[in-house]
Amino acid sequence: MTTTSRPPTTSGAWREGDPVGSRRFVGLGAVELERGGVLPDVTVAYETWGELNAAGDNAILVEHALTGDAHVVGEAGPGHPTPGWWDGLVGPGSPLDTDRFFVVASNVLGGCQGTTGPSSSAPDGTAWGSRFPFVTVRDQVQVEALLADRLGIERWHLVLGGSMGGMRALEWAVGHPDRVDRAVVLASTAYATAEQIAWCQAQLLAIRSDPHFRNGDYYDQHTGPDAGLGIARRIAHVTYRSELELHERFGREPQGSEEPLGGRGRYAVESYLDHHAGKLAGRFDANSYLVLTEAMNSHDVGRGRGGVPEALRRVRADVLVVAVDSDRLYPPRLSHEIAEGIGGASLHTVRSDYGHDGFLIELDQVGAVVERVLADPA
Ligand SMILES: CC(=O)SCCNC(=O)CCNC(=O)[C@H](O)C(C)(C)COP(=O)(O)OP(=O)(O)OC[C@H]1O[C@@H](n2cnc3c(N)ncnc32)[C@H](O)[C@@H]1OP(=O)(O)O
Ligand SMILES: N[C@@H](CCO)C(=O)O
């Protein structure tokens, strides 16, 4: 059985603005795409915390990374709250203080957690699958701008995100300079590099080579391309961590009583990657993984704008660029390039042994820089 989630994006099971769990949904109508074509009936799933003030000037947009979603923090209250991916960062008295700010997070266009993506229903009532169009980071930001319009937010007090979320935060600052007062771009880049595209190629091929992929039209099948998605996650996950962390954590240890030396058993690090592969296949749609990966590959703030330096000169927001010192996927030089290209931008380096995932793990350091940015008048 495929584990692909089928969000209620066009099923009619939701009413605009009404919460479904912690999510709300908004229908944005047809959206024209940068590379051509129109996506009819785009739905966006989002969550909010805090209240928009009367002046409408306290809104903060949190941008998730590749496999994240709108669920930035778990629900408060009794029961078994579903954890969020940046728990501790949003709430009363937290760095993104909901006593002061209206915090918004939405699932990205092409995703699989409620916003229109390849697993959503096309107008003919069947899943888009292979027919889902190519979308870019700019398309994703355009959809977020439409969401902001619908929420009555003219300008963001702050837009922040890491990795793919940092791409969108930067694209907001470049593409909508009059709508962003501050931006924090973590562990990200102004353009996808050759090496990032190269790592992504292996991941795209892993999914497309899975016999259960069926050119992307697998939703009515018993089994989806979970194996291919798992291989993609294994490749990606190694790039998200550091060599030192993997060495110190796993070394050459076998997994439990398994015998990796000729007995077909696994090393502990292999078991760890198997675990992350299975976990992602259980919560993420392979087609969304492809669409979002290709969107990340499309990322280049300079495209059609006279190049990256020219594009960065458009930014009017106060920008803090945050590098993770051990990040080998988005190495600090890429953060330096952004900071140098934006007049007056600041640069901060997070100290972490974890590599790229440091922007998700080093919450104290990330929280401190966010507090610093919010303390500064724009
Ligand atoms: C609520 C949610 O699901 S969040 C959903 C949204 N997800 C996202 O936004 C993606 C962002 N998150 C991530 O990418 C990752 O979860 C991260 C970066 C936060 C994980 O970082 P860390 O906290 O360092 O987790 P780490 O990489 O150490 O993995 C821990 C897991 O590996 C497992 N593990 C550790 N060693 C081994 C081993 N030898 N064999 C098998 N499994 C192992 C642990 O049991 C643990 O399992 P669990 O997560 O199911 O409890
Ligand atoms: N671990 C993160 C890394 C991507 O930047 C994710 O899965 O979204």
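Residue numbers start at 1 and run along the sequence shown. From a predicted model like this one, the values you see are computed outputs, not experimental measurements.
Side chain to side chain, D274 and S271 fail the donor-acceptor criterion of an N or O pair below 3.5 Å. Judged by distance alone, the side chains of S130 and D217 do bring a donor and an acceptor atom under 3.5 Å apart. No hydrogens or angles considered: nothing links the side chains of Y218 and D210 as a donor-acceptor pair under 3.5 Å. Using modelled atom types and a 3.5 Å distance limit, the side chains of T67 and R283 yield a donor-acceptor pair.
With sequence neighbours left out, the salt bridge (charged side-chain N to carboxylate O under 4.0 Å, His left out) criterion links R35 to no other residue. Partners of Y272 under the ring pair (Phe, Tyr, Trp, His ring centres under 6.0 Å) rule, at least two apart in sequence or in another chain, are H237, F250, H276. Residues meeting the side chain to side chain contact (heavy atoms under 4.5 Å, CB included) test with D99, sequence neighbours left out: P92, D97. For H212, the side-chain hydrogen bond (donor to acceptor under 3.5 Å, both in side chains) test picks out no residue, with sequence neighbours left out. Evaluation of the salt bridge (charged side-chain N to carboxylate O under 4.0 Å, His left out) rule for D57 yields no partner, not counting sequence neighbours. With sequence neighbours excluded, the residues that form a side chain to side chain contact (heavy atoms under 4.5 Å, CB included) with E270 are R266, Y267. Residues passing the ring pair (Phe, Tyr, Trp, His ring centres under 6.0 Å) test with F134: none are found, sequence neighbours excluded. By the side chain to side chain contact (heavy atoms under 4.5 Å, CB included) test, D87 pairs with V73, P83, sequence neighbours left out. Applying the side chain to side chain contact (heavy atoms under 4.5 Å, CB included) criterion to P40, with sequence neighbours excluded, gives P123, W128. By the side-chain hydrogen bond (donor to acceptor under 3.5 Å, both in side chains) test, R328 pairs with no residue at all, sequence neighbours left out.
Of all heavy-atom pairs between A45 and A70, the closest is O-CB, 4.2 Å. Residues S352 and S326 come closest through the heavy atom pair O-OG, 2.6 Å. Nearest heavy atoms, D139 versus E34: OD1-N, 2.7 Å. Of all the heavy atoms in Y219 and G129, the pair that sits closest is CE1-CA, 3.8 Å. Nearest heavy-atom pair, D353 versus E245, reported as atom, atom and distance to 0.1 Å: O-CB, 3.4 Å. Smallest separation of non-hydrogen atoms from S94 and E371: C-OE2, 4.5 Å.
Between D149 and R179 a salt bridge is recorded (basic side-chain N to carboxylate O distance below 4.0 Å).
Heavy atoms from other residues, nucleotides or ligands lying under 6.0 Å from OH of Y46 number more than 12. E259 CD: more than 12 foreign heavy atoms inside a 6.0 Å radius. The environment of CD in E258 is crowded: more than 12 heavy-atom neighbours from other residues, nucleotides or ligands sit within 6.0 Å. Atom CG of D364 sits in a sparse spot, with 12 or fewer heavy atoms from other residues, nucleotides or ligands closer than 6.0 Å.
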Under the criterion side-chain contact (heavy atoms from CB on, under 4.5 Å), I'd like the reasoning laid out for F359 against V350: C-alpha separation, chi angles, the key distance, then a yes or no.
CA-CA 8 Å; F359 82 91; V350 164; over 6 Å; no

When you look at R316 and D178, which way does the salt bridge (charged side-chain N to carboxylate O under 4.0 Å, His left out) test go after all the steps?
CA-CA 7 Å; R316 293 210 285 276; D178 48 346; 5.1 Å; no

Let's go through L374 and F101 carefully: what are the C-alpha distance in whole Å and the side-chain angles of both, what is the deciding distance for side-chain contact (heavy atoms from CB on, under 4.5 Å) to 0.1 Å, and is it a yes or a no?
CA-CA 10 Å; L374 289 171; F101 298 109; 3.8 Å; yes

Before you tell me yes or no, could you show the steps for L229 and L280 under side-chain contact (heavy atoms from CB on, under 4.5 Å), namely the whole-Å CA-CA distance, both residues' side-chain angles and the distance that decides it to 0.1 Å?
CA-CA 8 Å; L229 178 60; L280 190 75; 3.9 Å; yes

Assess the residue pair Y240 and R233 against the criterion (side-chain contact (heavy atoms from CB on, under 4.5 Å)); give the C-alpha distance rounded to whole Å, side-chain angles, the decisive distance to 0.1 Å, and a yes or no.
CA-CA 10 Å; Y240 298 156; R233 185 60 163 182; 3.5 Å; yes

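Put simply, L151 and V31 are part of the same group of oily side chains (I, L, V, M, F, W, Y) that touch within less than 4.5 Å, one to the next. Under the 4.5 Å side-chain heavy-atom criterion for ILVMFWY residues, no single connected hydrophobic cluster contains both I197 and V301.
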In a table with atom names and distances, give each donor-acceptor pair under 3.5 Å that connects a side chain of residues 160-177 to protein atoms at least two apart or in another chain.
{"from": "S163", "atom 1": "OG", "to": "H356", "atom 2": "NE2", "distance (Å)": "2.9"}
{"from": "R168", "atom 1": "NE", "to": "E63", "atom 2": "OE1", "distance (Å)": "3.2"}
{"from": "R168", "atom 1": "NE", "to": "E144", "atom 2": "OE2", "distance (Å)": "2.8"}
{"from": "R168", "atom 1": "NH1", "to": "H64", "atom 2": "O", "distance (Å)": "3.1"}
{"from": "R168", "atom 1": "NH1", "to": "M164", "atom 2": "O", "distance (Å)": "3.4"}
{"from": "R168", "atom 1": "NH2", "to": "E63", "atom 2": "OE1", "distance (Å)": "3.2"}
{"from": "R168", "atom 1": "NH2", "to": "H64", "atom 2": "O", "distance (Å)": "3.1"}
{"from": "E171", "atom 1": "OE1", "to": "R305", "atom 2": "NH1", "distance (Å)": "3.2"}
{"from": "E171", "atom 1": "OE2", "to": "R305", "atom 2": "NH1", "distance (Å)": "3.3"}
{"from": "E171", "atom 1": "OE2", "to": "R305", "atom 2": "NH2", "distance (Å)": "2.6"}
{"from": "W172", "atom 1": "NE1", "to": "E63", "atom 2": "OE2", "distance (Å)": "3.4"}
{"from": "W172", "atom 1": "NE1", "to": "E144", "atom 2": "OE1", "distance (Å)": "2.9"}

Validation: residues 335-347 side-chain donor-acceptor distances under 3.5 Å, sequence neighbours left out:
{"from": "E337", "atom 1": "OE1", "to": "Y191", "atom 2": "OH", "distance (Å)": "2.7"}
{"from": "E337", "atom 1": "OE2", "to": "Y191", "atom 2": "OH", "distance (Å)": "3.1"}
{"from": "E337", "atom 1": "OE2", "to": "R333", "atom 2": "NH1", "distance (Å)": "3.2"}

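In this structure a side-chain-to-backbone donor-acceptor pair under 3.5 Å is present from Q196 to T193. Side-chain N or O atoms of T115 include none that pairs as donor or acceptor with a backbone N or O of V44 at under 3.5 Å.
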